[in-house]
Amino acid sequence: MDNHSLVVGDHSLVTTDNSLTVADHTLVIGQEFADVETCRRMLKEIAIALHFDLRIVKSDRSRFIAKCSKEGCPWRIHVAKCPGVPTFSVRTLHGEHTCEGVRDLHHQQASVGWVARSVEARLRDNPQYKPKEILQDIREQHGVAVSYMQAWRGKERSMAAVHGTFEEGYRLLPAYCDQIRKRNPGSIALVSATGQENCFQRLFISYRGSIYGFINACRPLLELDITHLKGKYLGALLCAAAVDADEAMFPLAIAIVDAETDENWMWFLSELRKLLGVNTDNMPRLTILSARRSSIVEAVETHFPSAFHGFCLRHISENFRDEFKNTKLVNIFWNAVYALTAAEFEAKINEMVEISQDVIQWFQQYPPRLWAIAYFEGVRYGHFTLGVTELLYNWTIEGHELPIVQLLEHIRQEMTSWFRHRHNLSMSWTSILVPSAEKRISEAIADSRCYQVLRANEVEFEIVSSERTNIVDIRSRVCSCRRWQLYGLPCAHAAAALLSCGQNAHLFAEHCFTVGSYRETYSQVINPIPEKSQWIEPGIEADGGGAKADITIRPPKTRRPPGRPKKKVIRVESFKRPKRVVQCGRCHTLGHSQKKCAMQIY
C-alpha cells in the first residue's frame, strides 16, 4: 500500500502497512508501552484526533486488541505483553481507515478521564479554569464536543489528581501545622477538631516573620475581617493584618473556622492576644479597625480591653447612605467624617440636622467616637476603610477551588514572595523615609511656604494664615490642627515651624515610616514547606484539649449545597479608600488645596 497523508484539525496523520502517526503519537510494530493502560490512553488520543470510534476486542493481563467500530473498516491493532518484563509491545497493526469515521462532534472516547488528562497541565497553573472554558477549549483544540457536566467532572478529577482531594486536605492539616513549626521556628500553627467524629473546627497560623515584623517595626494598628469560603465544605477565613511603613497590608495571623460564630471570633482574638503577650514584654496600646459586627466588638472588648476599636468607614457610610438616600446629606456626612476638630465636626452635624432631624437618632446608634476622626481616641494613620478586605478577597478568588492545605500553601507562598520582594526593593532606597511618606512630607513642605511663622519659645510656634492660627510644639510633636498626631507625619504647619528653625522635617516623622523600619519589617524569612510526601502525620488536639490522640481529622459537617452558587458582585472600587474632600488650609474652602488657592495674601 502507498503512503498517504491526512490532516484532521490540527493533527497530521501518516499511515503505512506498519505505522501510524498522529501529532506526537506514533504507532509502529514493535513499539513498547510501560503498561496496558498507557497503550489504551494513547489509542484513545488517536481515535479522538482521527474522529473514529474505537472498539476494544480483548483486554486482559497479557494482551490488548482493538479495532475500528465501523463494520468493514480494516483498522486493527494487537498489543501483547513482552515475555519476562512488565511492558507491552505492538505485534500487528493495520493502519488504514476506509470508513467515514465519526461525523458529528460527539465522541465516545472523550470520557471524563480523558477530559481530566487533557486539562491537567492547565489546572496546575490556573485552578480557576472554568468548566465552560474547558469545553470551549476542547472543542477548538480537539474538534470534540463535551457536555458541561463532563467538563465539570473532568476538572474535579484533575484537581484531585493535581492538588489532592478536599478530604485529604483536612486529614493533612496536623502534619502541615507540624511542618510550619519545624521549618519556621517560633511560628504558631494550631488545628483543632470537635465531636466524636473529629470533624474540623478551627485552624490558627501566624508565622514568626510576621510576628517579629509587627512587634518590632509596624505601627500599633491592626485590621480584622472575614471572608466566607466557597469550596466543598465552606467555612470562613479570618485575618488580622497590620500596615507596613509604605501602606501595604502586612498579615499577622490567619484562621480558618468551620463557620462564622461569636465563639470563633472570641477564640481568634484570644489566640491573637496570647500571640502578642508571649512575644512582647510591653504590649503596645493597639488601634483595632473592623466592620461593625457585634461578635467582633464583644471579642475585642474581652481580649483587648485597652485597645481603641474603630469601625470601617465604608460600612458606616453605606449604612448612612442606605438610611437617608440623600446625596447632599451624604456629602456633608463625609465632610464631618474628615473634620479634624470637634468644632468642625459639630458644625457639619448642625448642617445635617437642618436637612433631616433623623440624623440625631442615627448618631445615637452609631456613636461618632467609633468612626469620626474628631472624636476617635486611637490613631488610624489615615486608614478609614479596611485594606484587609481586598487582601482576603484576592486570596479566596485565587484559591477557593483548592483543598484547605493547598489554600494555606497559596497564602504562604504569596507571603514568602512579599517578604523577599519588598525587602529587596527597600535595599535600593536611599531616602530617610519610605516613598509614600517622603511624598507626603514633600507636599507638607510645599504647602508650608504660604504661612507666617512666629516663634514663642524654643519648642512652640504660632503658624499664622489669613483665617486662623495653629500652635505647633515640635518637642511633643503636636499641632493644634491634629493632623500631625493623627497621621504620624509632620503637617504643613509643623513643616513651617521646623523649617523656620533649621530642622529637617523628615526626622520628625514617626519611626515606623523610616526605611530602616521598613527593612526591619521584612528582615525575617518565611521558609518553604516541603512536598507532602515528606510529612509525618501526627495526631491532633481533640476538642481543643491538651491530650494528643492518633486520630484522623475529618471535614466539617457543613457542605456546599448543590447547584451553581450565587455570585455576589463586588466592585474593586469598593475596596478603595473613599476619595477625600480636599480642604484648603488657607481659606478653608472645600475643593482645592493651598497651592491652588486664589485668595490673596495680605
Side-chain angles (χ1 to χ4, degrees), residues 209-210 212-223 241-252 284 287 379-384 387 391 415-451 453 459 461 463 472-479 481-526 576-577 580 582 585 593-596:
S210 296
Y212 179 89
F214 174 70
I215 289 176
N216 292 282
C218 287
R219 62 197 90 171
L221 175 71
L222 280 178
E223 296 185 5
V243 184
D244 70 21
D246 206 34
E247 305 301 335
M249 297 311 299
F250 184 80
L252 172 61
T287 294
V379 182
R380 300 176 75 127
Y381 296 93
H383 285 258
F384 305 117
L391 180 69
M415 289 179 62
T416 299
S417 175
W418 288 344
F419 270 64
R420 182 178 63 254
H421 171 73
R422 292 173 185 176
H423 184 267
N424 292 342
L425 180 66
S426 70
M427 298 309 292
S428 64
W429 295 342
T430 57
S431 56
I432 297 173
L433 305 178
V434 296
S436 60
E438 284 282 338
K439 180 181 178 182
R440 292 172 66 180
I441 291 283
S442 298
E443 291 172 350
I445 291 172
D447 290 343
S448 72
R449 305 193 190 282
C450 64
Y451 294 132
V453 181
V459 296
F461 298 79
I463 311 301
V472 173
D473 185 330
I474 62 174
R475 176 184 294 165
S476 302
R477 302 190 177 190
V478 169
C479 178
C481 79
R482 298 185 69 236
R483 193 176 297 275
W484 196 354
Q485 301 94 288
L486 292 173
Y487 290 87
L489 296 168
C491 60
H493 311 118
L498 293 167
L499 291 174
S500 71
C501 61
Q503 296 287 348
N504 185 346
H506 295 78
L507 299 177
F508 284 79
E510 286 194 19
H511 181 70
C512 64
F513 292 104
T514 63
V515 171
S517 177
Y518 186 91
R519 290 171 180 165
E520 188 75 2
T521 302
Y522 295 102
S523 61
Q524 305 298 301
V525 176
I526 297 179
K576 296 180 180 177
R577 196 175 303 169
R580 183 170 177 184
V582 179
S593 64
Q594 292 182 70
K595 290 187 287 185
K596 297 181 179 180

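Along the sequence shown, residues are numbered consecutively beginning with 1.
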Gap separating the CZ atom of Arg440 from the CZ atom of Arg483, nearest 0.5 angstrom: 8.5 Å
Kindly indicate, with the supporting measurements, whether the criterion side chain to side chain contact (heavy atoms under 4.5 Å, CB included) is fulfilled by Gln485 and Val379. CA-CA 8 Å; Gln485 301 94 288; Val379 182; over 6 Å; no
Evaluate the side chain to side chain contact (heavy atoms under 4.5 Å, CB included) criterion for residues Val243 and Tyr381: first the C-alpha distance (whole Å), next the side-chain angles of each, then the deciding distance (0.1 Å), finally the verdict. CA-CA 10 Å; Val243 184; Tyr381 296 93; over 6 Å; no
Cys479 and Ile463: CA distance, side-chain angles, deciding distance, side chain to side chain contact (heavy atoms under 4.5 Å, CB included) verdict: CA-CA 10 Å; Cys479 178; Ile463 311 301; over 6 Å; no
Taking all non-hydrogen atoms of both residues, which atom of Trp484 and which atom of Asp473 are closest, and how far apart? CZ3-O, 4.0 Å
Check: Gln524 side chain, Ser210 main-chain N or O, donor-acceptor pair, under 3.5 Å: no
Mind listing the closest non-hydrogen atom pair of His493 and Cys481 along with its distance? ND1-SG, 3.5 Å
Salt bridge or not between Arg380 and Glu223? Use side-chain N to carboxylate O under 4.0 Å. no
Can you tell me how far the CG atom of Leu507 sits from the CD1 atom of Ile432, to the nearest 0.5 Å? 4.5 Å
To the nearest 0.5 Å, atom CG of Leu489 lies from atom CD of Glu443 at 11.0 Å
So, taking the atom named CG in Leu499 and the one named CZ in Arg449, what distance separates them when rounded to the nearest 0.5 Å? 6.5 Å
How long is the straight-line distance from CG of Leu433 back to SG of Cys512, given to the nearest 0.5 Å? 10.0 Å
Taking all atoms of both residues into account, what is the closest heavy-atom pair of Ser426 and Arg519, and its distance? O-NH2, 2.8 Å
Can you see which heavy atom on Pro251 is nearest to which on Met415, and at what distance? O-CE, 3.9 Å
For residues 415-441, which residue pairs pass the ring-ring contact (aromatic ring centres under 6.0 Å, His included) check, not counting sequence neighbours? Phe250-Phe419, Phe419-Tyr522, Trp429-Tyr518
Whether the side chain of Ser428 engages the backbone of Asn424 through a donor-acceptor N/O pair (distance < 3.5 Å, no angle test) should be reported. no
Report the distance from atom CZ of Arg420 to atom CD1 of Ile526, rounding to the nearest 0.5 Å. 11.0 Å
Here the pair of heavy atoms bringing Ser431 nearest to Glu438 is CB-OE2, 3.4 Å
Ignoring hydrogens, what is the shortest heavy-atom contact between Val434 and Ala245? Give both atom names and the distance. CG2-O, 3.2 Å
Can Glu520 and Tyr212 be counted as having a side-chain donor-acceptor contact under 3.5 angstrom? yes
Could you walk me through whether Phe513 and Arg219 satisfy the side chain to side chain contact (heavy atoms under 4.5 Å, CB included) test, starting with their C-alpha distance in whole Å, then the side-chain angles of each, then the deciding distance to 0.1 Å, before giving a yes or no? CA-CA 9 Å; Phe513 292 104; Arg219 62 197 90 171; 3.6 Å; yes
